[in-house]
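These notes are about the structure you will find just below.
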Amino acid sequence: MELPQYMLSCFCMLLLQHGLCQPYLHLRPVPSDSLPVVDIIEHPDPDNDPKDNDLDERALRKKLGSHFDPNFMSITLPQLDDSPSRDPNSRFKPLGAMPNDIKRLDLSETPYGRKMKLGKKARRKFQQWLWSYTYCPVMYTWKDLGGRFWPRFVKEGNCYNERSCSFPEGMLCKPVKSISKTFLRWYCQGWSKPKYCTWIPVQYPVISECKCSC
């Protein structure tokens, strides 16, 4: 079987448009096609930092309400799961249903019209291989937003890009979907002292899906 020719045709059918997302710059997000969010530059000034009485957990949880999502935010830095029983390759295994683009591939002939016989078992194995090779997992890590955010830790997503996701090489995993999580941001107004400061809700975008794209 001429599998390299099949692969070339398959990847021509798997071209995807990558979506526009929003980063989080300064105080609020602004339109951009760049995710994950760039690090926020905070100018050190004790007058702009929340005091101990501004960090009452019960009051802040009440203010954030149902927006508090322990799956994506934390008050303290969570421990990483590095137990020996955890399979390090599990995050690279495709999840969910096989994409329709791969299911519908016509493997009965080459791109040049030559008829080929491929049994059901071989067809299934090739589809599984192709799915695994082009799969783009979201790699999550905990990021410290600093003391002017509550909760201060967010689970941020990144697209895996240590290798090309296409054959021949050239395509990379890129973000196509994001979700927004609500955090509290400590915001101070005015130049005179004492300043008026309060917690305000802000949206923080998190990559939720990556796909192989040009």
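All residue numbers refer to positions in the sequence shown, counting from 1.
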With sequence neighbours left out, what residues match D56 under salt bridge (Lys or Arg N to Asp or Glu O under 4.0 Å)? none
Test of understanding: with salt bridge (Lys or Arg N to Asp or Glu O under 4.0 Å), list the residues that count as partners of D47, not counting sequence neighbours. K193
Gap separating the [atom1] atom of [X] from the [atom2] atom of [Y], nearest 0.5 angstrom:
X: D54; Y: C197; atom1: CG; atom2: SG; result: 8.0 Å
X: E42; Y: R148; atom1: CD; atom2: CZ; result: 4.5 Å
X: K63; Y: T198; atom1: NZ; atom2: OG1; result: 5.0 Å

Would you tabulate the side-chain donor-acceptor contacts of residues 118-126 under 3.5 Å, counting partners in other chains and residues two or more places apart, or write 'none'?
unit_1 : atom_1 : unit_2 : atom_2 : d
R123   : NH1    : L105   : O      : 3.3
R123   : NH2    : K103   : O      : 3.3
R123   : NH2    : L105   : O      : 3.1

Pair F72, I179 - check side-chain contact (heavy atoms from CB on, under 4.5 Å), show working. CA-CA 10 Å; F72 283 92; I179 54 177; 3.8 Å; yes
Over all heavy atoms of both residues, which pair between [X] and [Y] is shortest? Give the atoms and the distance, please.
X: N48; Y: K195; value: OD1-NZ, 3.0 Å
X: Q203; Y: T182; value: NE2-OG1, 2.7 Å
X: G147; Y: P50; value: O-CG, 3.3 Å
X: C165; Y: S213; value: SG-N, 4.3 Å
X: L35; Y: P205; value: CD2-CG, 4.0 Å
X: P151; Y: F183; value: O-CD2, 3.2 Å

Could you pull out all residues at least two apart from S132 that satisfy side chain to side chain donor-acceptor pair (under 3.5 Å)? none
Please name all residues satisfying side chain to side chain donor-acceptor pair (under 3.5 Å) with E156, sequence neighbours left out, ordered by chain then number. Y204
Is a side-chain N or O of [X] found less than 3.5 angstrom from the main chain of [Y], in a donor-acceptor match?
X: K51; Y: D49; answer: yes
X: E209; Y: V176; answer: no
X: W199; Y: L64; answer: no
X: K211; Y: C136; answer: no
X: S164; Y: M171; answer: yes

Pairs flagged by salt bridge (charged side-chain N to carboxylate O under 4.0 Å, His left out) wherever residues 158-171 is involved - sequence neighbours left out: none
With hydrophobic residues grouped by side-chain heavy-atom distances under 4.5 Å, do F149 and Y140 end up in a single group? yes
Applying a strict under-4.5 Å side-chain criterion to I, L, V, M, F, W and Y, I'd like to know whether V37 and V138 cluster together. yes
For the residue pair W150 and F68, does the interplanar ring angle fall in the parallel (under 30°), tilted (30 to 60°) or perpendicular (over 60°) class? tilted
Given T134 and I102, is the side-chain contact (heavy atoms from CB on, under 4.5 Å) satisfied, shown in steps? CA-CA 10 Å; T134 59; I102 297 179; 4.1 Å; yes
With D69, which of K181, R61, K155 fulfils salt bridge (Lys or Arg N to Asp or Glu O under 4.0 Å)? K181
Working for side-chain contact (heavy atoms from CB on, under 4.5 Å), residues H67 and L184: CA-CA 10 Å; H67 294 295; L184 296 179; over 6 Å; no
Apply side-chain contact (heavy atoms from CB on, under 4.5 Å) to residues L77 and D144 and explain how you reach the verdict. CA-CA 8 Å; L77 180 61; D144 187 354; over 6 Å; no
Chi angles and distances behind the disulfide bond (SG atoms under 2.5 Å apart) call for C212, C173: CA-CA 4 Å; C212 194; C173 293; 5.7 Å; no
